[in-house]
Amino acid sequence: MDNQQKRNLTFLTIGLIFMLSGIEYAVILPTIWRYLQILEAPPYFLGLGLSAFSLSSLLTGPLFGLWSDRSKTTKTIILFSNLFEIVGNFMYFLGYSKWLLLGSRLVAGVGAGAGSSIFSFLTRSTRPDERAGIFAAIMACRQAGLLVGPAFNLFLRLCDFKLGPFVVNKYTSPGIFMCLLWVLLQFVVLAMYWDVPPLSSEGDTVMLEIKREENDEEEVPLMGSDDEPVHTYRAVNSDQSDASASSDMQPVHGPLSAPSPFKNFSASREFLREEVVVLLTAQFITLFNQTALETMVTPLTQRHFSFGELGNSLMYGLCGVEVILGFFFVRWLSRRVEDRAVLGLGLIICCTACIWCLVFLCDPRGGYEWELTAFIIGVFLQLLGLPFVAVSQVSLFSKVTAEKTQGFSQGVRRSVGGLATILGPLWAGGLTNNLYVMLGMMLALLIMITVMTVLSYDRLTEPRAVQSAQSCDSGG
């Protein structure tokens, strides 16, 4: 089996990992509210339960990223992290108390922290011009899981039996079901995942070989060199040296003689640049708003439309269809439009959606039919903007941060997102009866990041492209 076949199977396995994370979310979210009520948990436990998963993911993401940057491997990391998903979901199945359920989401969240290693692998294994499309496809896999999840809920809600001393019902069955799926995924990773070399074509290998020979002959650092070839997989040229260029030629298994990727690394110099701050802010605000709305939706549909578990599952299924189509549209669009333009379009759609919800959902009037129509339109607009913002900011972030420390950088990015998914449910959980305040704050945040994006628009681009344009101008 050649490297291209291994690469394709590895990407397929990554897609399955993200699909399972979507399935887990889709089978647990519609029932966790009633599950907590049965365990006599106070209302704020809904926010705690949803935030616990993000908290542990926030803390472990950078650690997994450091591990992958130093080892240049991800297979072992994935196998290790999946063990936490297995244990966490089994704890959710036990469900003896509200505290055990809370702990189960904390443990399962540790497994999600390996996402930083996966995005690091994808950055090293893709060219900048194809990266947004591949990120869109991987994210679409998670949405496919969100689509398939409600279908599983249709039969999980019928469970009503005992498994030894354990009760299996529509509230505990999602835990044991996801536990079994994560166990099966372990075998898939063992059989179909390879830490393939980052280069995917002979042409790219030749290019890096030429660059390496030139560096060896000239013995000049790459930083600030005007003759550096443009066609490289590295995301930026911040403070990389010829040592980092040669390290790109090493196999991902990383020999002992390979230099440390964190040599001369400065977190402040890497993450406090204007374009990085804008992208991290976009990550925080969009996930804060998304999780706040998701927290609000279940109590809102129960109060205004009398939706039960079945109604919520069908609603999430339809939402999954829309988002999957959105991701594939963004995948097509990213080949023709710059990432920063896609980001701007997504933010405009999100602002429009928030204004609609603020106007029509806070004080609904006109009867059941109009309230339901206004709700559907609001949800549709919210989900429409999600793929644009999600794909563009991840793709841009991978291009404006150093590739050699991409695992740690992606861990920081996902930790910022994790913080947002913690605060979002907590914010919305206490304001389900005061939508004006909740949605007003969300709109203010969206307007802020839109203004930041406009002001920093010229810097939201791949540094290689900027250097090429500058050299052309000076040559002209």
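Both backbone and side-chain heavy atoms feed into the values below; hydrogens, waters and symmetry mates do not.
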Looking just at side-chain N and O atoms, do D339 and S392 make a donor-acceptor pair shorter than 3.5 Å?
no

Side chain to side chain contact (heavy atoms under 4.5 Å, CB included) filter on Y436, not counting sequence neighbours, yields L358, C362, D363, N434

Should V110 and E85 count as side-chain neighbours, where that means a heavy-atom distance under 4.5 Å?
no

Return all side-chain donor-acceptor pairs below 3.5 angstrom for residues 340-356, not counting sequence neighbours, or 'none' if the list is empty.
| residue | atom | partner | partner atom | Å |
| --- | --- | --- | --- | --- |
| R340 | NE | E338 | OE1 | 2.7 |
| R340 | NH1 | Y457 | O | 2.8 |
| R340 | NH2 | E338 | OE1 | 3.1 |
| T352 | OG1 | I348 | O | 2.9 |
| W356 | NE1 | A374 | O | 3.0 |

Output every pair passing side-chain hydrogen bond (donor to acceptor under 3.5 Å, both in side chains) with a member in residues 172-190, not counting sequence neighbours, ordered by first then second residue.
E24-W182, N82-Q186, N169-T172

Could you list the residues that satisfy side-chain hydrogen bond (donor to acceptor under 3.5 Å, both in side chains) with T74, not counting sequence neighbours?
Y193, D195

If the condition is ring-ring contact (aromatic ring centres under 6.0 Å, His included), which residues does F53 pass it with, not counting sequence neighbours?
none

Scan for salt bridge (Lys or Arg N to Asp or Glu O under 4.0 Å) pairs involving residues 342-352, sequence neighbours excluded, and state none if there are none.
none

Those residues at least two apart in sequence (or on a different chain) that pass side chain to side chain contact (heavy atoms under 4.5 Å, CB included) with P42 are Y44, F45, K98

Less than 3.5 Å apart, any donor N or O on the side chain of S116 or R414 sitting next to an acceptor on the other?
no

With sequence neighbours excluded, what pairs up with L58 under the side chain to side chain contact (heavy atoms under 4.5 Å, CB included) test?
S415, L419, I422

In chain order, what residues pass the side chain to side chain contact (heavy atoms under 4.5 Å, CB included) check against M91, with sequence neighbours excluded?
V87, L100, S104, V107

Using the test ring-ring contact (aromatic ring centres under 6.0 Å, His included), find all partners of F327 that sit at least two apart in sequence or belong to another chain.
none

Applying salt bridge (Lys or Arg N to Asp or Glu O under 4.0 Å), can you list everything that pairs with E371, at least two apart in sequence or on another chain?
none

Please name all residues satisfying ring-ring contact (aromatic ring centres under 6.0 Å, His included) with F18, sequence neighbours left out, ordered by chain then number.
F119

